[in-house]
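Any value given below was found using the heavy atoms of this structure, including those in side chains, with hydrogens, waters and symmetry copies removed. This structure is a prediction, so every number in the text was calculated from the model and none was measured. Remember, it's 1-based here, ligands and their atoms both numbered in the order they're listed.
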Amino acid sequence: AGRDVILAVNNIEVIYDHVILVLKGVSLEVPRGGVVALLGGNGAGKTTTLKAISNLLRAERGEVTRGSIMFQGERVDRMSPNELVRRGCIQVMEGRHCFGHLTIEENLLTGAFTRRDGAAAIRQDLEKVYGYFPRLRERRKSMAGYTSGGEQQMCAIGRALMSRPALVLLDEPSMGLAPQIVGEIFEIVKELNASENVSFLLAEQNTNMALKYATYGYILETGRVVMDGDAEMLRANADVKEFYLGVS
Ligand code: ATP
């Protein structure tokens with residue numbers, strides 16, 4: 001008690017198409033200001049968990065059929081994705097999803113769509129995003145579709161920041177990127193966490209990298225949390241090493 005929890009997922013079950021049971025009672029917590037990793041192989045249920053939180057399952061014919069989700073002390077599992085964004089919880093989807101035919105800057109500005117404060121405040125935050133991602137400033141007039149995978153991932157994160165989130169659900173930021181770029185992106189996540197107090201729930205197959213930056217981790221297997229603990233403990237654990245870190 002007394003610990004400040006920004007997100008609490010309590011025993012959720014998710015079913016697709018009324019019959020396909022994919023999450024079988026997942027519980028997890030993100031402390032305010034924390035970076036928490038959600039780990040597991042292909043198809044373990046990481047993306048489904050993030051989409052359940054941000055309420056993006058409906059488009060996939062998925063539904064949370066049991067359990068509850070609390071964000072900043074409020075029950076949010078019946079809220080629209082936009083309401084959640086307005087309250088400070090936003091997902092950066094796997095595969096980056098920038099608008100290819102818009103410039104980087106136009107993409108970033110779309111991230112401010114739920115805001116009701118003025119253009120000046122939005123402009124100020126755009127500068128802030130460029131401060132964190134100097135590469136995006138350099139490329140601000142380029143069509144996103146013509147930028148590199150790493151730049152598009154940065155653009156997707158930058159766009160999310162434009163909504164002034166308290167919690168970012170980040171789905172496999174490392175996917176398809178060179179290790180050096182992945183490192184660069186994780187360093188920025190770390191900085192955002194430290195300087196802006198943005199909390200992160202980070203779904204990753206790159207266990208090694210995720211556990212370097214997260215303070216706590218959950219491991220999912222076929223829709224269940226099979227292990228959780230401090231990042232250091234998980235990195236030292238023999239089973240984690242054998243099954244997820246590629247060393248034994
Ligand atoms: P990945 O790294 O591939 O994204 P993941 O851990 O994020 O893996 P999910 O994408 O959440 O896993 O998928 C979990 C399970 O749910 C998989 O077995 C997948 O086939 C199934 N699934 C995902 N989306 C749907 C859908 N729209 N309809 C039916 N089944 C789905």
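- Taken from CD in E204 to CG in L170, the straight-line distance is 7.5 Å, to the nearest 0.5 Å.
- Classification of E151 and R137 as a salt-bridged pair fails, no side-chain N sitting under 4.0 Å from a carboxylate O.
- With rounding to the nearest 0.5 Å, the separation of CD in E74 from CG in L84 is 9.0 Å.
- Donor-acceptor pairing under 3.5 Å is recorded for the side chains of T47 and D171.
- Contacts of T47 with ligand 1, taken as heavy-atom pairs under 4.0 Å, involve both backbone and side chain.
- Between T49 and Y218, the side chains place no donor N or O within less than 3.5 Å of an acceptor N or O (distance only, hydrogens not considered).
- Looking at atom 8 (O) of ligand 1, its nearest protein heavy atom turns out to be G43 N, 2.8 Å.
- Contact annotation: G41 has at least one heavy atom less than 4.0 Å from an atom of ligand 1.
- When hydrogens are left out, the protein atom nearest atom 21 (C) of ligand 1 is V22 CG2, 3.9 Å; that is the closest non-hydrogen contact.
- Ranking protein heavy atoms by distance to atom 23 (C) of ligand 1, first place goes to Y16 CE1, 3.6 Å.
- Under the 4.0 angstrom criterion, atom 19 (C) of ligand 1 counts as lacking any protein heavy-atom contact.
- Below 4.0 Å from some heavy atom of E60 lie the following atoms of ligand 1, by number and element: 27 (N).
- Neither the backbone nor the side chain of R61 has a heavy atom within less than 4.0 Å of ligand 1.
- Within the 4.0 Å heavy-atom shell around ligand 1 one finds E172.
- Residues F133 and Y130 fall within the same hydrophobic cluster, defined by Ile, Leu, Val, Met, Phe, Trp and Tyr side chains chained together at heavy-atom separations under 4.5 Å.
- Near A44, with a cut-off below 4.0 Å to any heavy atom, the atoms of ligand 1 are 5 (P), 6 (O), 12 (O).
- Heavy atoms of G45 approach ligand 1 to within less than 4.0 angstrom.
- Of the N and O atoms on the side chains of D77 and S68, not one donor lies less than 3.5 Å from an acceptor on the other residue.
- Here is the list of ligand 1 atoms found below 4.0 Å of a heavy atom in Q205: 2 (O).
- Taking a cut-off of under 4.0 Å to the non-hydrogen atoms of I20, the atoms of ligand 1 that pass are 29 (C).
- Near K46, meaning under 4.0 Å from one of its heavy atoms, ligand 1 places the atoms 2 (O), 5 (P), 6 (O), 7 (O), 8 (O), 11 (O), 12 (O).
- The single protein non-hydrogen atom nearest to atom 1 (P) of ligand 1 is N42 OD1, 3.6 Å, given as residue, atom name and distance.
- Scanning all protein heavy atoms for the shortest distance to atom 13 (O) of ligand 1 gives T48 OG1, 3.8 Å.
- Listed by first and then second residue, the ring-ring contact (aromatic ring centres under 6.0 Å, His included) pairs that reach into residues 149-182 come to none, sequence neighbours excluded.
- In this structure, the separation between OG on S142 and CG on L102 is 13.0 Å, given to the nearest 0.5 Å.
- A salt bridge does not link K46 to E94: none of the charged side-chain nitrogens sits closer than 4.0 Å to a carboxylate oxygen.
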